[in-house]
*Asks:* 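Once you've had a glance at the structure underneath, I'll fire off some questions.
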Amino acid sequence: MRSIARTFAFSLGIAATAIFLIMVAIFVSRYPLEEREFRACRVVAAVLDRATDTDGQNLTIRPTPALEELKADSPNLWYVVSIGDLVSEYGSEHRPPLPFAFPYRGPVGLSVFSTHDQKSTFCLAVAQRGSLQLTTMVGEPQVRFGRMAGNFLVNRISSILLVALAFAATVAIGSALAARFVSRGIERVARRALAIDPSAPQGLISLSEVPSELKPLVEALNRAFGEIDAYIRMQRRFLGNAAHQLRTPLTLLRAKIDDVPDPALKAELVRDVRRLTSLVSAMLDLARLQNHAIAKRPIDLAQITLDVLADFGPSALDAGIELALEQDGKGPFMVQGVDAAVRSALANLVGNALIHAHGARRIVATLGSDGISIHDDGAGLPDGAEHGLTEPFQTGNAAGNGAGLGLSIVREIMAAHGGELIVASAPGCGTTMRLRFPAAAASVKSPQLDLQER
């Protein structure tokens with residue numbers, strides 16, 4: 001879609017140009033009509049002046065195209081041309097009695113006079129040609145509008161250009177200001193819309209802040225934000241209520257499984273119930289994150305990472321996978337956040353790497369100035385698979401183990417901290433999951449780290 005400001009300015013420019021041309025055409029057509037005889041006199045005098053030749057002995061009126069056109073358009077045309085004592089006349093049968101005799105010896109100029117009988121007018125034009133005067137008297141000319149308009153425009157080209165430039169400048173400035181006004185109104189609406197939290201779109205755009213032309217759009221946006229907010233609240237409320245209601249039946253079911261006599265069946269049921277319990281706990285965690293604001297404080301990523309890797313040390317030894325901690329740059333590695341939530345997010349990433357990184361022999365946690373990344377050297381994910389892993393109930397494990405909420409919870413934890421979860425993977429190159437926090441805002445130093453393997 002084109003820019004509104006540019007489209008507006010372009011359309012206004014076209015409209016203004018059309019209006020200007022119409023105004024010029026009206027002016028040109030009406031103004032000569034008010035002085036038609038004088039304008040016709042000027043044109044005819046110029047035509048006869050260009051057609052007149054003399055060698056001092058003879059006076060010749062050449063049949064120029066303009067003169068022939070004038071004769072064809074004027075059936076009652078007559079004219080008398082004199083230069084010095086030489087005289088040439090045309091249409092004498094149509095010429096009424098004149099108040100002047102030829103050759104005429106009057107002053108140089110252009111005038112329109114009435115005939116003796118006051119029934120018509122004639123044009124008297126006197127021009128200086130060297131030492132002689134060229135005098136022309138013309139009556140009953142029918143001059144085409146195009147020739148009068150052209151004569152009018154040629155004589156006033158400077159004034160017309162000046163008016164055109166002033167008009168164009170006025171239109172350009174006006175369109176620029178109007179387009180800027182519209183653009184600023186749209187920018188204000190866009191800024192207000194971008195300031196609304198997509199996960200909790202409760203803010204509305206004030207109608208007093210936008211031009212009246214944009215109010216229908218803003219009202220539609222406000223209504224859409226309200227409907228989205230109501231839907232999100234309903235979804236989160238359902239998620240929390242469903243998870244809460246499932247906990248009691250699962251607890252009772254777990255107690256009844258203990259009475260199952262078949263050990264194999266009992267182990268299978270325990271595994272399924274454990275998975276359901278994990279799913280319900282994850283759903284409750286997700287509901288809490290989405291429905292409650294968190295109180296952040298400075299926390300030490302280095303210490304949290306050491307603790308989480310220590311917790312997963314036995315599981316990594318059993319799986320034959322090496323855990324390592326590295327740091328990219330010098331500490332301290334401090335971020336603003338909630339200790340328990342960040343531990344949960346990091347534990348999710350390390351646990352996922354241990355379970356789902358097929359063929360992995362080493363998992364490396366790398367501390368950086370803006371967060372931490374977990375990288376495994378496993379088989380990696382298929383092309384494009386990483387884009388859907390952070391959606392609820394999505395899992396990259398072909399066996400179907402896991403609730404599919406772990407990475408979704410991690411994403412919500414990072415969103416609550418103003419950060420993000422970044423997943424990068426390629427077949428055969430392993431997978432890297434990074435927790436990126438906003439710029440560090442604490443000055444407390446973290447303990448000195450010794451890179452170690454667990």
Side-chain angles (χ1 to χ4, degrees), residues 194-195 197-200 285-286 289-290 292-312 323-354 356-357 360 362-378 380-381 385-391 396 406-426 429-454:
L194 290 173
D197 183 3
S199 62
D285 290 341
L286 188 58
L289 283 170
Q290 291 176 335
H292 298 87
I294 63 173
K296 294 181 284 188
R297 63 180 182 82
I299 58 175
D300 187 356
L301 275 183
Q303 188 58 53
I304 292 175
T305 306
L306 283 172
D307 295 342
V308 170
L309 292 182
D311 291 341
F312 280 96
L323 292 181
L325 175 62
E326 297 178 354
Q327 57 185 84
D328 182 12
K330 297 182 179 181
F333 302 100
M334 306 296 293
V335 295
Q336 290 285 341
V338 177
D339 186 286
V342 175
R343 286 178 185 272
S344 175
L346 189 56
N348 255 309
L349 297 188
V350 177
N352 271 343
L354 287 172
H356 303 308
R362 193 168 187 260
I363 297 174
V364 181
T366 305
L367 287 165
S369 59
D370 62 348
I372 182 170
S373 62
I374 304 297
H375 174 75
D376 66 72
D377 58 357
L381 298 172
E386 65 271 17
H387 299 300
L389 287 182
T390 57
E391 297 301 321
L407 293 182
S408 180
I409 293 174
V410 174
R411 183 186 64 179
E412 293 294 335
I413 290 173
M414 294 309 298
H417 284 76
E420 60 181 331
L421 167 64
I422 302 173
V423 181
S425 183
C429 298
T431 301
T432 300
M433 297 194 180
R434 183 183 178 195
L435 304 179
R436 186 166 71 180
F437 292 84
S443 59
V444 181
K445 292 186 178 180
S446 63
Q448 183 67 29
L449 290 178
D450 292 325
L451 300 184
Q452 52 185 306
E453 300 174 354
R454 295 181 179 272

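The first residue in the sequence is number 1, and the count goes up from there.
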*Asks:* Looking at CD1 of Ile374 and CG of Asp376, how far apart are the two atoms once the value is rounded to the nearest 0.5 Å?
*Replies:* 9.5 Å

*Asks:* Find the distance between CD1 (Ile299) and CZ (Phe437) and round it off to the nearest 0.5 Å.
*Replies:* 6.0 Å

*Asks:* Can you tell me how far apart CZ (Arg343) and OG1 (Thr305) are? Round to the nearest 0.5 Å.
*Replies:* 9.0 Å

*Asks:* Taking His417 for the side chain and Pro438 for the main chain, is one N or O donor matched with an acceptor at less than 3.5 Å?
*Replies:* no

*Asks:* Going by heavy atoms in the side chains, are Ile372 and Leu346 under 4.5 Å from each other?
*Replies:* yes

*Asks:* Looking only at heavy atoms, which two atoms of Ile413 and Ala341 are closest? And how far apart?
*Replies:* CD1-O, 3.3 Å

*Asks:* Under the salt bridge (Lys or Arg N to Asp or Glu O under 4.0 Å) test, which residues partner Asp311, sequence neighbours left out?
*Replies:* none

*Asks:* From Leu325 CG over to Thr366 OG1, what is the distance, rounded to the nearest 0.5 angstrom?
*Replies:* 8.0 Å

*Asks:* Could you check whether any side-chain N or O of Asn348 sits under 3.5 Å from a backbone N or O of Leu407, counting only pairs where one atom can act as donor and the other as acceptor?
*Replies:* no

*Asks:* Are the side chains of Met334 and Asp300 in contact, using a 4.5 Å heavy-atom criterion?
*Replies:* yes

*Asks:* Using the salt bridge (Lys or Arg N to Asp or Glu O under 4.0 Å) criterion, which residues pair with Asp328? Sequence neighbours excluded.
*Replies:* none

*Asks:* List for me each residue that meets salt bridge (Lys or Arg N to Asp or Glu O under 4.0 Å) alongside Arg434, sequence neighbours excluded, and say none if there are none.
*Replies:* Asp370

*Asks:* Kindly compute the distance separating CZ (Arg362) from CG (Asp377), expressed to the nearest 0.5 Å.
*Replies:* 8.0 Å

*Asks:* Looking only at heavy atoms, what is the nearest atom pair of Thr432 and His375, with distance?
*Replies:* OG1-ND1, 2.7 Å

*Asks:* Roughly how far, to the nearest 0.5 Å, is CG of Leu367 from CD of Gln327?
*Replies:* 6.5 Å

*Asks:* I'd like to know whether Ile363 forms a side-chain contact (heavy atoms from CB on, under 4.5 Å) with Phe312, so could you lay out the CA-CA distance, the side-chain angles of the two residues, the decisive distance to 0.1 Å, and finally the verdict.
*Replies:* CA-CA 11 Å; Ile363 297 174; Phe312 280 96; over 6 Å; no

*Asks:* Quick one: does Ser425's side chain have a donor or acceptor within less than 3.5 Å of a partner on Gly430's backbone?
*Replies:* yes

*Asks:* Does any non-hydrogen side-chain atom of Leu435 lie less than 4.5 Å from one of Ser373?
*Replies:* no

